[in-house]
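Hydrogens, waters and symmetry mates play no part in the numbers below; they use all other heavy atoms, side chains included. The chains referred to below are lettered A, B, ... by the order of the sequence lines, with proteins before strands, and numbering in each begins at 1. Just so you know, these numbers come straight off a predicted model, no measurement behind them.
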Amino acid sequence: MIKATTADAYRLVHNGILALARAEREGIRIDVEYCERKRKQLTRRIDWLEKKLEETKLYKRWRHIYGKRMSIGSNQQLAHMLYKVMKIEPAKFTDKGEPSTDEDALSRLNVEGIEYILRLRKYTKIRNTYLEGFIRESTDGYIHPFYNLHNVRTYRSSSEAPNFQNIPKRDKEAMKICRRAIIPRTGHALIEADFSALEVNISECYHQDPVMMDYLLDKNSDMHLDMAKQIFMFDSMDKKIPAHAVMRQAAKNGFVFPQFYGDYYGNNASGLCDWVKLPLSGKWADDMGLELPDGTHIGAHMRQQGIKSFDDFLAHMKRVEDDFWGNRFKVYNEWKQKWVAQYRKQGYLQMHTGFICSGMMRKNEIVNYPIQGSAFHCLLFTFIELDRIAREEQWKSKIIGQIHDSILIDAHPDEFERIKAALHHIVKELLPNAWKWIIVPLEIETEVYGVDKPWVQVS
DNA sequence: GGAACTCGCCAC
DNA sequence: AAACGTGGCGAGTTCC
């Protein structure tokens, strides 16, 4: 396997900066009038929520104690009210050891007014960070986010002014409000090209685990469904059944991905229980948790399997984790050990893309950096080549942005098919030819938004 | 009055 | 023994 050198890494950064700078100069079109309109609308909603909050006992006591110094946005004051004045036991603590007031902590409390505070946070975030950011940073209807290649320890990119890499997507309401502001040039459509499961595929290029390789090559296999079966103890599952789909999501986002980042079963067990609505303490009962297709509940099923409490589940998840790394992905695990030992011996690590990370690192950082970095470098390579082809062929379409494993294009309809073909050529020919260490087939998928339509997913 | 910090929260 | 990787940004707060 031929790996890249630091000189190769330098060239990638050099060409990357030039290509990204061209995207920055093109800019992303913003519907500024919409932003202004929506900002006013959100302000009215925020004012209404504040009025509702003012009617609550929590607010009145808060006002009584703090007077003019009271600020609804002060979490320090809120923590004092909840955990000192009202003497509530904090559900969790911050990194600095203070009682937490994050969404998770607050939503466990049964205090009138908390719901208003959470909604106020959500809408002020949308208004102040995103809509006002777009308005502030736009000139003549375009924003020009910066893409940096010098800020991130893994040699990923970052984005600023405004950050174009954290626009809401998961929360559908926030997604619609914010992405409605991002529009294509007149007569164009936005195209988003995403690598599928890029980091998992790149991890394979390091550890070469045969079981993982089978999962990546066999389109009919489903790692997350297999883990759901093991975690929730079912012989078979079908992801088309809604309850099974929930458990698959839980396995994916509550176990598999966190484990790949270096999490452990203790955290996973709590997260998984939240997903399927099982309590984190005490005995479980037959009527608890997610409802199954036959009308029974997951609580009854787990009890039948001998998991009768959270403590039982915790012990079960320890066994699942041991099996995950000790049997299923044994070779991946052995690579992690070797990779850490090598770093500790030579004092640095070098990615397959040539980039070197040095300095003191923890175990999780040592094994995550090369995967995160190299995955982004595949995107950057693709971005550079797409930009080169677009200039050579004088496309009307503009490459306008990048979000770690995806590229955003402001595309002319005449060029849709050419763009897809060019992307396919880069990912299937140029990339694997340039980097022989890529031992898995990478896939890039394109989503075309409507002509003259914003960046809003319809599903 | 501004720099630096904490917290919370958005993305991959 | 340790125990989720990488960022940017707004608001509040603290320090100089």
Side-chain angles (χ1 to χ4, degrees), chain A residues 66 69-80 92-106 117-118 120-134 136-137 145-171 174-175 177-179 192 194-200 202-203 253-271 317-318 321 325 336 340 357 361-376 379 401-408:
Chain A
Y66 281 92
R69 285 165 35 245
M70 179 192 180
S71 170
I72 294 176
S74 169
N75 290 328
Q76 197 179 55
Q77 293 179 11
L78 176 60
H80 182 258
K92 57 192 276 199
F93 294 86
T94 69
D95 288 345
K96 297 290 168 192
E98 300 298 325
S100 170
T101 58
D102 70 10
E103 183 179 5
D104 182 44
L106 294 187
I117 290 172
L118 291 176
L120 279 164
R121 278 187 189 169
K122 172 176 163 171
Y123 294 116
T124 53
K125 170 117 182 156
I126 294 171
R127 183 190 62 178
N128 299 2
T129 302
Y130 298 105
L131 297 180
E132 290 185 351
F134 295 155
R136 185 181 62 245
E137 300 294 343
F146 292 102
Y147 298 99
N148 306 301
L149 295 181
H150 64 282
N151 283 342
V152 182
R153 291 145 69 106
T154 62
Y155 301 96
R156 240 198 196 182
S157 66
S158 69
S159 169
E160 60 182 329
N163 182 352
F164 195 65
Q165 295 178 323
N166 72 345
I167 297 170
K169 184 171 191 175
R170 206 190 92 259
D171 181 308
M175 182 272 284
I177 295 171
C178 296
R179 296 189 179 217
E192 198 176 356
D194 291 63
F195 277 97
S196 356
L198 184 58
E199 282 197 20
V200 178
I202 294 308
S203 81
N253 297 320
F255 182 77
V256 177
F257 284 159
Q259 283 285 334
F260 286 161
Y261 283 137
D263 202 2
Y264 87 120
Y265 70 92
N267 287 336
N268 300 153
S270 317
M317 287 312 299
K318 166 99 173 77
E321 183 188 86
W325 292 113
K336 287 209 255 183
V340 169
C357 294
M361 291 178 238
R362 288 168 293 239
K363 186 183 165 202
N364 284 345
E365 294 172 327
I366 299 163
V367 296
N368 281 326
Y369 283 11
I371 297 167
Q372 184 182 106
S374 309
F376 170 69
L379 185 281
Q402 163 269 125
I403 313 176
H404 307 304
D405 67 353
S406 71
I407 297 173
L408 191 65

Legend entry - Salt bridge flag under 4.0 Å for residues A:Glu103 and A:Lys125: no
Give a yes/no on whether any side-chain N or O of [X] is located under 4.0 angstrom from OP1 or OP2 of [N].
| X | N | result |
| --- | --- | --- |
| A:Gln77 | C:dT13 | yes |
| A:Tyr130 | B:dC10 | no |
| A:Gln76 | C:dA11 | no |
| A:Lys169 | B:dC12 | yes |

If you only use heavy atoms from C-beta on, which nucleotide in [options] is closest to the side chain of [X]?
| X | options | value |
| --- | --- | --- |
| A:Asn75 | C:dG5, B:dG8, C:dC4 | B:dG8 |
| A:Asn128 | C:dA11, B:dC9, B:dC12 | C:dA11 |
| A:Asn368 | B:dA11, C:dG5, B:dC9 | C:dG5 |
| A:Asn163 | C:dG7, C:dG12, B:dC9 | C:dG7 |

Atom [atom1] of [X] and atom [atom2] of [N]: how far apart are they, to the nearest Å?
| X | N | atom1 | atom2 | value |
| --- | --- | --- | --- | --- |
| A:Met70 | C:dA11 | CE | P | 17 Å |
| A:Tyr147 | B:dA11 | OH | P | 16 Å |
| A:Glu160 | C:dG7 | CD | C1' | 11 Å |
| A:Leu120 | B:dG8 | CG | C1' | 15 Å |
| A:Arg136 | C:dG8 | CZ | P | 15 Å |
| A:Phe257 | C:dG5 | CZ | C1' | 13 Å |
| A:Leu131 | C:dC9 | CG | P | 16 Å |
| A:His150 | C:dG7 | NE2 | P | 12 Å |

Tabulated below should be each protein N or O lying under 3.5 Å from an N or O of nucleotides 1-6 of chain B; please produce it.
residue: B:dT6; atom: OP1; partner: A:Lys96; partner atom: NZ; Å: 3.2

Between [X] and [Y], what is the shortest heavy-atom contact and its length?
| X | Y | value |
| --- | --- | --- |
| A:Gln402 | A:His404 | OE1-N, 2.9 Å |
| A:Arg153 | A:Cys357 | O-SG, 3.5 Å |
| A:Ile167 | A:Arg179 | O-NH2, 2.7 Å |
| A:Ser71 | A:Gln77 | N-OE1, 2.9 Å |

Does [X] reach a base, just sugar-phosphate, or nothing at all? Heavy atoms under 4.0 Å.
| X | value |
| --- | --- |
| A:Gln259 | nothing |
| A:Pro168 | sugar-phosphate |
| A:Arg69 | nothing |
| A:Tyr369 | sugar-phosphate |
| A:Ser100 | sugar-phosphate |
| A:Ala375 | nothing |
| A:Glu132 | nothing |
| A:Gly266 | nothing |

Legend entry - Flag, side chain of A:Asp194 to backbone of A:Ser406, donor-acceptor distance under 3.5 Å: no
Legend entry - No-H, no-angle donor-acceptor pair, A:Lys125 side chain to B:dC10 base, under 3.5 Å: no
Inset, instruction - Answer with yes or no whether A:Glu365 presents, from its side chain, a donor or acceptor under 3.5 Å of a partner atom in the base of C:dG5. - result: no
Are side-chain heavy atoms of [X] and [Y] found at a separation under 4.5 Å?
| X | Y | result |
| --- | --- | --- |
| A:Arg170 | A:Met175 | no |
| A:Phe257 | A:Asp263 | no |
| A:Met361 | A:Asn368 | no |

Inset, instruction - Please list residues of residues 151-159 of chain A whose heavy atoms come under 4.0 Å from any atom in DNA chain B, ordered by number; otherwise none. - result: A:Arg156
Inset, instruction - Map A:Tyr265 and A:Gln372 onto DNA chain C by nearest heavy atom, then report which one ends up closer to the 5' terminus. - result: A:Tyr265
Inset, instruction - List the steps and the verdict of side-chain contact (heavy atoms from CB on, under 4.5 Å) for A:Lys169 and A:Ile403. - result: CA-CA 12 Å; A:Lys169 184 171 191 175; A:Ile403 313 176; over 6 Å; no
Inset, instruction - State whether the number of non-hydrogen atoms from other residues, nucleotides or ligands found under 6.0 Å of A:Phe260 atom CZ is greater than 12. - result: yes
